[in-house]
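Counting starts at 1 for both ligands and their atoms, in listed order.
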Amino acid sequence: MAPSEASTLAPRTANFDPVAKGYRTIERLVYGSMLEEARFSLLERWANARRLLLLGDGDGRCLARVLKIAPGASIVSVDASAAMLRLAASRLTAQERERVEFVCADARTFVLEKGDFDGIGTLFFLDCFSDDEVRLLAARLRAALRPGGLLLYADFELAGAGLSRLWKRVLIGVMYAFFRVIARLRTTALPNAVNALEAEGFVETERRIWWGGFVRASAFRWEGTAAGRG
Ligand SMILES: C[S@@+](CC[C@H](N)C(=O)[O-])C[C@H]1O[C@@H](n2cnc3c(N)ncnc32)[C@H](O)[C@@H]1O
């Protein structure tokens, strides 16, 4: 399906349109292939999924890969940036596009059906939010996942101590300053997304790290029952 412009974007929603086309190049210049490796590292776990939700899906590199890895899956790809969604759609064949519902909306507020998804992806996405917002999002994601479903997560972390922590802090500060100017992102510090997920009953089943823990990719299973979904 073609990406649609929805009206669920609040004035406070970040706008990644200006950076959409250059996003991949900037990422490569700063991090080489590291973020790509983290983004793709656990996608194979969704090989048998039937229905997947990608939040803050970005320019579609992940989407294109997931469509191949999970040939039986239909995918809902949500992003607040219409430009990102157009770019994502342009990577796909007409046949692949039939399996994707593109939603241009704010992930904090768009209507999510309960228990609908076998898997949810938040790849370099939860860092766009404050601790409070991430807690609310984590509760929404738990409700949207079927029992036994798998959430794949990747993001930056302030790991380590001393000099090792200092350069990570500086790099994260520069990233937030850049996206504040370019994308009107209001978040200024990494939220504790893993705590928020674990507080909702997500259990980590796998983890990979890069650059001494600066980037982490994790799989989180939600083993709750439909009755306990809330
Ligand atoms: C840092 S980029 C990451 C994109 C992609 N997941 C990746 O791994 O490259 C964050 C993405 O989240 C989207 N985004 C930011 N705030 C959002 C919100 N409130 N609702 C939906 N999407 C949002 C941005 O438009 C952007 O595409």
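Counting heavy atoms from C-beta outward, R91 and D59 have side chains that approach closer than 4.5 Å.
Taking every heavy atom of S81 and a limit of under 4.0 angstrom, the matching atoms of ligand 1 come to 25 (O). Distances below 4.0 Å separate heavy atoms of M84 from the following atoms of ligand 1: 27 (O). Close contacts of ligand 1 with D106, meaning ligand atoms under 4.0 Å from a residue heavy atom, involve 18 (C), 19 (N), 20 (N). The A105 neighbourhood of ligand 1 comprises atoms 20 (N), 21 (C), with distances under 4.0 Å to a heavy atom of that residue. Close approach to D57 involves these atoms of ligand 1, each under 4.0 Å from a residue heavy atom: 5 (C), 6 (N).
Within the set F179, Y23, F125, F40, the minimum heavy-atom distance to atom 1 (C) of ligand 1 is found for Y23.
In terms of N/O distances under 3.5 Å, ligand 1 is not approached by C128. In terms of polar-atom proximity, F124 is not counted as a contact of ligand 1, lacking any N or O under 3.5 Å from an N or O of the ligand. The N/O atoms of A80, backbone and side chain alike, include one that comes under 3.5 Å of an N/O atom in ligand 1. Ligand 1 has a nitrogen or oxygen under 3.5 angstrom from a nitrogen or oxygen of R39. Some N or O of A107 is nearer than 3.5 Å to an N or O of ligand 1, by distance alone. Any N or O atom pair closer than 3.5 Å counts here, and E27 shares no such pair with ligand 1.
Ion pairing between K68 and E96 holds under the 4.0 Å rule for side-chain N and carboxylate O. With respect to R61 and E27, a salt bridge is recorded, a charged nitrogen being found less than 4.0 Å from a carboxylate O. Between E133 and R186 there is no salt bridge, since no side-chain N of the basic residue sits under 4.0 Å from a carboxylate O of the acidic one.
Remark: distances from the non-hydrogen atoms of F110 to ligand 1 are all 4.0 Å or more.
Residue-environment remark: CG (N48) stays at or below the threshold of 12 foreign heavy atoms within 6.0 Å.
Relative orientation of the F156 and Y31 rings is tilted, given thresholds of 30° and 60° on the angle between their planes.
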